[in-house]
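Working notes, structure below.
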2 protein chains.
Amino acid sequence: MSGPPILEGMARVLLVEDDPNVRNALILALKGRDHEVESAASGEEGLELLTRFAADVVVLDLMLPGIDGFEVCRRIRATTSTSIVMLSARGDDFDVVGGLEAGADDYVVKPVRPQVLEARIRAVLRRTESVASPVETYGTLRVDRASLTVSRNGRRIALPPMELRLLLHLSAIPGQVFSRQQLLESVWDHDYLGDSRLVDACVQRLRSKIEDVPAEPKYVQTVRGFGYRFGPV
Amino acid sequence: MSGPPILEGMARVLLVEDDPNVRNALILALKGRDHEVESAASGEEGLELLTRFAADVVVLDLMLPGIDGFEVCRRIRATTSTSIVMLSARGDDFDVVGGLEAGADDYVVKPVRPQVLEARIRAVLRRTESVASPVETYGTLRVDRASLTVSRNGRRIALPPMELRLLLHLSAIPGQVFSRQQLLESVWDHDYLGDSRLVDACVQRLRSKIEDVPAEPKYVQTVRGFGYRFGPV
DNA sequence: GAAGCTATTACAGGTTCATGACATGGCGTG
DNA sequence: CACGCCATGTCATGAACCTGTAATAGCTTC
């Protein structure tokens with residue numbers, strides 16, 4: 001639908017968000033980073049705009065007046081292949097699996113730091129523009145973001161929700177180091193500050209399933225003193 | 001929220017402070033250092049301004065008429081990631097932890113010397129903006145700030161946390177001389193005054209790993225009597 | 001040559017992370 | 001409704017690895 005971006009690294013973004021404060025803040029942030037931005041305050045408006053504005057990516061709030069984000073997502077998917085990044089407020093008890101099944105390419109938890117949102121937008125565009133398929137293969141590991149399945153050496157691996165969310169989040173931006181705090185915020189929706197080793201435990205369980213040699217992790221790497229990163233780097 | 005600064009080291013500052021004397025003094029001081037400054041006399045006004053002015057950092061007084069600094073801080077955080085430096089009068093028995101939990105990035109006690117405030121602003125911006133441009137190459141040395149990896153001549157170098165933090169900090173502003181005291185504060189979070197030779201030791205260890213000839217350091221240079229500087233000559 | 005500053009090295013205490021066990025609670029099933 | 005399974009969060013343990021400190025040697029400057 002959208003053609004190549006005007007400039008490398010620059011995207012046409014359609015922002016669908018009803019809260020004017022959040023909307024304006026994100027518009028400013030994205031424009032400040034040289035993206036072209038159009039915005040809508042409701043799902044209807046967003047869908048209408050999309051027929052005229054060739055967006056590369058739609059940033060879609062979940063809680064909208066009228067038809068909600070899920071439905072908007074499905075309708076966009078019904079006609080176009082525009083990438084979709086979902087935006088959910090912390091505590092919405094947002095069902096990630098449901099969101100991604102509705103056709104979203106990624107999701108971000110509010111309040112979101114604009115750098116983070118922009119990083120996810122870039123990552124989504126990188127993925128969709130290079131491969132044109134949401135399936136990615138890293139070594140022996142295959143992650144399918146459409147069907148939410150993971151397999152190693154062709155054999156399907158069943159992952160519990162939290163481990164899947166963690167893997168999807170990390171692998172969305174390979175190489176990027178995420179602190180435990182960041183992961184707690186964006187994967188768990190937690191906002192407590194207590195340094196818990198919760199992330200470690202989940203990483204550990206994930207490794208035991210996806211790594212060939214869990215003791216020498218290839219995919220989910222520890223960055224001592226900082227956090228974790230998805231390899232292979 | 002804001003995109004890259006107009007010029008290196010220059011920032012868009014939103015100052016929220018009700019006392020006109022303090023406000024004007026700080027405006028003068030910051031403008032004198034080439035920052036772009038907008039100001040507000042109340043929290044409401046500040047929040048409103050922020051939807052139009054793409055600030056890099058908000059300098060926020062704690063005691064404000066109407067909604068107080070903490071609340072303003074939380075509301076800013078709810079929508080943006082603009083850095084926040086809190087300003088509190090001595091004796092306000094300001095709860096640092098509370099402030100930082102509300103989302104502040106740093107705090108400064110009034111009366112504040114403009115140089116100090118400016119230094120904290122710079123420090124805060126360095127921290128948040130170092131995310132933006134991930135990979136930099138200096139001679140044979142490559143520093144990737146996203147994956148937190150360092151390589152020399154293409155070969156990966158493993159660095160322990162403190163050495164990595166030191167390198168990231170120094171290389172963020174090549175050529176800038178940092179005193180040991182500055183480094184202790186910003187890299188180590190220490191605020192003790194005991195001049196320990198801790199920095200020297202860490203520099204030494206870092207050199208042994210990244211320098212081709214550790215005895216003739218090319219990247220981490222000693223500035224006798226002052227401190228250290230990063231620079232591929 | 002002396003004083004002051006920095007490099008170099010060694011070492012012990014401390015921190016961080018992996019690992020596995022355990023408790024809790026939700027969810028589906030019988 | 002009761003049961004059991006599984007996912008998840010918490011905790012204790014141990015090992016590997018840093019890091020701060022101190023002691024000594026080397027270099028610069030006056």
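Every value quoted in this text rests on a predicted model; they were computed, and no experiment measured them. Quick note on labels: first sequence line is chain A, next is B, and so on, each numbered from 1.
Between the C1' atom of C/dA7 and the CG atom of B/Leu206 lies a distance of 14 Å, rounded to the nearest Å. As a whole-Å value, the separation of A/Arg180 CZ from C/dA18 C1' is 11 Å. A straight line from CD of B/Glu216 to P of C/dT6 spans 19 Å, rounded to a whole angstrom. Atom CG of B/Leu198 is separated from atom C1' of C/dT6 by 14 Å (rounded to the nearest Å). Going from atom CG of B/Leu183 over to atom C1' of D/dG20 covers 16 Å, rounded to whole Å. Here the P atom of nucleotide D/dT19 and the CG atom of B/Leu184 are 14 Å apart, to the nearest Å. A straight line from CZ of B/Phe226 to C1' of D/dT29 spans 14 Å, rounded to a whole angstrom. Per the geometry, CG belonging to A/Leu166 stands 15 Å off P belonging to D/dA7, to the nearest Å.
When distances run from any side-chain atom of A/Met162 to the nucleotides D/dT8, C/dC17, D/dT19, the shortest one goes to D/dT8. Across C/dT8, C/dT6, D/dT8, the shortest atom-to-atom separation from the side chain of B/Ala215 is found for C/dT8. With distances taken from any side-chain atom of A/Arg205 to the nucleotides D/dG20, C/dC17, D/dT8, the minimum falls on D/dT8. Side-chain proximity of A/Ser196 to the nucleotides C/dT6, D/dT10, C/dC17 is greatest for D/dT10. Nearest to the side chain of B/Gln204, among D/dT19, C/dT6, C/dT8, sits C/dT8. Among D/dG9, C/dC17, D/dC18, the nucleotide with an atom closest to any side-chain atom of A/Thr222 is C/dC17. Of the candidates D/dA7, C/dA18, C/dA7, the closest approach to any side-chain atom of A/Asp200 belongs to C/dA18. Comparing C/dT19, C/dA7, C/dG4 by their nearest atom to the side chain of B/Arg224 picks out C/dG4.
In this structure, a donor-acceptor pair under 3.5 Å is present between the side chains of A/Arg142 and A/Ser151. A side-chain donor-acceptor contact under 3.5 Å links A/His169 and A/Arg120.
Residue contacts shown for A/Arg197 include a base, since a base heavy atom lies under 4.0 Å away.
The pair A/Arg77-A/Asp105 meets the salt-bridge criterion, with a side-chain N (NZ, NE, NH1 or NH2) lying under 4.0 Å from an Asp/Glu carboxylate O. Salt bridge annotation for A/Arg23-A/Asp61: absent, with no cationic side-chain nitrogen under 4.0 angstrom from a carboxylate oxygen.
Using a 4.0 Å cut-off, no side-chain N or O of B/Trp188 falls inside it from OP1 or OP2 of D/dT19. Proximity of B/Tyr228 to the phosphate of C/dA7: a side-chain N or O atom is located under 4.0 Å from OP1 or OP2.
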>> Evaluate A/Arg145 against A/Ser171 for side chain to side chain donor-acceptor pair (under 3.5 Å), listing each step before the verdict.
In response: CA-CA 10 Å; A/Arg145 288 167 188 280; A/Ser171 66; 2.7 Å; yes

